[in-house]
Amino acid sequence: MRTQVGIIGAGPAGLFLSLLLQRAGIDCVVLESRSREYVESRVRAGVLEQGTVNLMAELGVDARLRRECMIDEGLDMRFSGKLIHLDLPDLTNGKLVHIYGQQEVVKDLIAKRIASGHALLFEAEATRIEGINTGKPTIHFKHEGKEQTLTCDFVAGCDGFHGVGRPAMPASELKIYDREFPFSWLGVLSESPPLTEMTYCNHERGYALVSRRSPQIARLYVQCPNDDDLANWPDSRIWDELHLRIGDEARTELKEGRIFQKGITPCRSFVSAPMQHGRLFLAGDASHIVPPTGAKGLNLAVADVRVLSRGLIDFFKTGATQRLERYSEVCLRRIWKVVRFSTFMTMLLHRPPDQTPFDREIQIAELDYIRTSRAPQTAIAENYVGLPYEDD
Ligand code: FAD
Ligand code: DHB
């Protein structure tokens, strides 16, 4: 097989890139190791920045989002019996976020790609990338029981944190920045009405978050130890911790329902730079992950492929390489700002197991400062709704 851009991975990064390129008339093939059912039901993020929603509109994949999403104009933070309420449009000159599950975004992107008759192979696992320093790199992959090859002009490694893209970069040229936090998130979906606002909570017993997917479906998270196991979390314990941590000791505010999905996600910041070598470009989780507290992973993947698509389009239309050469540099400026914000939110809202009494008091003082001062509220709101794209 032969194409202009070989894309490994049908997560948000790979799928958005494929639609951006096909819209510009550039041929690409997407290889995805999992089945369509698997990727369409993988529950992850749910907060979309305006830039992500705008891109879905530009690509004509926003019809269901408009019907089914929830608009979020507020962000609440609870701590020590107090409340910080951020009015997002007021603090950001009218901006807000949309709540729409990542797996719904993925379904809409896959439907568009398939309806337009362009190549997207499921159960096609890339095993090796060869020749990234030549003009014609080749992706080796397994599909329908056969070893196959895809020869391309460029390879886009959109294959997530555990893919083959990053290991194909020369290790000697990569700088790795890694920080593991000493806690994880236990996340569940429940058939119960959520709170009316997105509510982050800092409690003595640890962090909790009440988000939502619809007026009837709550998306709930609680901080847990890194070595924890789902078996330690029967539904009754999840509800007990949620009521306590959100300050609902009377159990009257947060409604309980059937929990139908559970998972544990570690909190980690990781950046691998640069994001390109020869004809291989990495995007999204393949090159960086952020702790989930800022709700940024998916939005950052979208920001990367927006920049990459412009570089590739310039190259194929005019032969110009300037944008491609600057890909890493342009993306990393945004990535580090997002790592900064996600780290700040993580440290503000969680209780590390080794937190000293001194650090606890500083944390409470910081929350109280935010509660009573507009400047830090504006800074949080601006980052949460999404910083402007710098390459516009
Ligand atoms: P991915 O979505 O990981 O997509 C990569 C794709 O590549 C996958 O479909 C994978 O199957 C495929 N692939 C991998 N290897 C190969 C191969 N060799 N050949 C072919 N295909 C391959 N972010 C938030 O903002 N909030 C959250 O609550 C949140 N929760 C998360 C929970 C979990 C368990 C994880 C892992 C991430 C979570 N994130 C969250 C982060 C967010 O979901 C990611 O940042 C986002 O999915 C990144 O998109 P991506 O396309 O770069 O990578
Ligand atoms: C959700 C996820 C996040 O990481 C976050 O910070 C807020 C909300 C969610 O899944 O709805």
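Only this structure's heavy atoms are used, side chains among them; waters, hydrogens and symmetry mates stay out. Indexing begins at 1, ligand by ligand and atom by atom, following the structure's order.
Taking every heavy atom of Gly11 and a limit of under 4.0 angstrom, the matching atoms of ligand 1 come to 2 (O), 4 (O), 6 (C), 9 (O), 51 (O). For ligand 1, the atoms sitting less than 4.0 Å from at least one non-hydrogen atom of Ala295 are 25 (O), numbered in the order shown with element in parentheses. Atom numbering of ligand 1 starts at 1 in the shown order; those under 4.0 Å from a heavy atom of Thr265 are 32 (C), 33 (C), 34 (C). Near Tyr221, meaning under 4.0 Å from one of its heavy atoms, ligand 1 places the atoms 28 (O). Shown in contact with Glu125 at under 4.0 Å from a heavy atom are these atoms of ligand 1, numbered in order with element: 18 (N), 19 (N). Short contacts between ligand 1 and Gly297, defined as distances under 4.0 Å to a heavy atom of the residue, involve ligand atoms 25 (O), 45 (O). Near Leu31, with a cut-off below 4.0 Å to any heavy atom, the atoms of ligand 1 are 20 (C), 21 (N). Near Lys296, with a cut-off below 4.0 Å to any heavy atom, the atoms of ligand 1 are 25 (O).
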Enumerate, atom names and distances included, each donor-acceptor pair closer than 3.5 Å involving a side-chain atom of residues 142-151, sequence neighbours excluded.
from	atom 1	to	atom 2	distance (Å)
His143	ND1	Phe122	O	3.4
His143	ND1	Glu123	O	3.2
Gln148	NE2	His143	O	3.2

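In terms of protein heavy-atom proximity, atom 14 (C) of ligand 1 is nearest to Asp159 O, 3.1 Å. The nearest protein atom to atom 23 (N) of ligand 1, hydrogens excluded, is given as Ala45 CB, 3.4 Å; this is a heavy-atom distance. Distance from atom 52 (O) of ligand 1 to its nearest protein heavy atom, with residue and atom name: Asp285 N, 2.8 Å. For atom 20 (C) of ligand 1, the nearest non-hydrogen atom of the protein is Ser33 N, 3.2 Å. Protein heavy atom closest to atom 49 (O) of ligand 1, with residue, atom name and distance, is Pro12 CD, 3.5 Å.
Taking 4.0 Å as the cut-off, Ala124 counts as a neighbour of ligand 1 on heavy-atom distance. Heavy atoms of Cys158 come nearer than 4.0 angstrom to ligand 1 in at least one pair. In this structure, Phe141 falls outside the shell of residues with a heavy atom less than 4.0 angstrom from ligand 1.
In this structure, a donor-acceptor pair under 3.5 Å is absent between the side chains of Gln223 and Arg351. At a cut-off of 3.5 Å, with distance as the only test, a side-chain donor of Arg360 or Gln363 sits close to an acceptor on the other residue. With hydrogens and angles left out, the side-chain atoms of Arg245 and His203 include no donor and acceptor closer than 3.5 Å. At a cut-off of 3.5 Å, with distance as the only test, a side-chain donor of Tyr221 or Arg219 sits close to an acceptor on the other residue.
A distance-only check finds a donor-acceptor pair linking the side chain of Thr346 to the backbone of Ser342 [under 3.5 Å]. Side-chain N or O atoms of Asp159 include one that pairs as donor or acceptor with a backbone N or O of Val164 at under 3.5 Å.
Below 3.5 Å of separation, one finds no N or O of Arg219 facing any N or O of ligand 1. At least one N or O atom of Ala13, backbone or side chain, sits closer than 3.5 Å to an N or O atom of ligand 1. Taking any N or O of Val164, backbone or side chain, none lies under 3.5 Å from an N or O belonging to ligand 1.
Taking each of His143, Gln102, Glu32 in turn, the one with a heavy atom nearest to atom 46 (C) of ligand 1 proves to be Gln102. Around atom 17 (C) of ligand 1, the closest heavy atom drawn from Gly163, Ala126, Pro266, Gly284 belongs to Ala126. Considering Arg34, Arg42, Arg44, Gln103 only, the shortest heavy-atom separation from atom 31 (C) of ligand 1 involves Arg44.
Cation-pi check for Arg166 over Phe161 is met; the charged atom lies under 6.0 angstrom from the ring centroid and within 45 degrees of its normal.
Residue contacts with ligand 1 for Leu298 involve N, CA, C or O but no side-chain atom from C-beta outward (heavy atoms, distance under 4.0 Å). Here Trp185 has no heavy atoms under 4.0 Å from ligand 1, in either its backbone or its side chain. Within the 4.0 Å heavy-atom criterion, the part of Ile8 lying near ligand 1 is the side chain and not the backbone.
Protein heavy atoms are found inside the 4.0 Å sphere centred on atom 26 (N) of ligand 1.
Contact check on Glu191 versus Arg258 returns a salt bridge, with a Lys/Arg side-chain nitrogen under 4.0 Å from an Asp/Glu carboxylate oxygen. Electrostatic pairing of Glu382 and Lys95 does not count as a salt bridge here, judged by no charged N lying under 4.0 Å from a carboxylate O.
Ring geometry for Phe281 against Tyr327 counts as perpendicular: the plane angle is over 60°, on a 0 to 90° scale with 30° as the lower cut. Ring planes of Tyr207 and His350: parallel class, angle under 30° (limits at 30 and 60°).
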Report the C-alpha distance between Leu48 and Leu65 in whole Å, list the side-chain angles of each, state the deciding distance to 0.1 Å, and finish with yes or no for side-chain contact (heavy atoms from CB on, under 4.5 Å).
CA-CA 11 Å; Leu48 306 187; Leu65 167 101; 3.7 Å; yes

Every pair of nitrogen or oxygen atoms between ligand 2 and the protein that is under 3.5 angstrom apart - can you list them with their distances to 0.1 Å?
from	atom 1	to	atom 2	distance (Å)
ligand 2	4 (O)	Pro292	O	2.6
ligand 2	6 (O)	Tyr200	OH	2.7
ligand 2	6 (O)	Pro292	O	3.0
ligand 2	6 (O)	Thr293	O	3.4
ligand 2	6 (O)	Ala295	N	3.4
ligand 2	10 (O)	Arg213	NH2	2.7
ligand 2	10 (O)	Tyr221	OH	2.6
ligand 2	11 (O)	Ser211	OG	2.6
ligand 2	11 (O)	Arg213	NH1	2.8
ligand 2	11 (O)	Arg213	NH2	3.4

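The one candidate from Cys267, Pro352, Pro266 that meets the side chain to side chain contact (heavy atoms under 4.5 Å, CB included) condition with Phe181 is Cys267.
Under a 4.5 Å side-chain heavy-atom cut-off, the cluster of Ile, Leu, Val, Met, Phe, Trp and Tyr residues that includes Leu195 is completed by Leu186, Val188, Val210, Leu220, Val222, Leu230, Trp233, Ile238, Trp239, Leu242, Ile246, Leu254, Ile259, Ile264.
For residues 32-85, the set of pairs meeting the ring-ring contact (aromatic ring centres under 6.0 Å, His included) definition, not counting sequence neighbours, is empty.
Within 6.0 Å of CZ in Arg2 there are more than 12 heavy atoms belonging to other residues, nucleotides or ligands. Residue Asp354 qualifies as enclosed at atom CG: its count of foreign heavy atoms under 6.0 Å is above 12.
Between Val339 and Phe270 the shortest side-chain heavy-atom distance does not fall below 4.5 Å.
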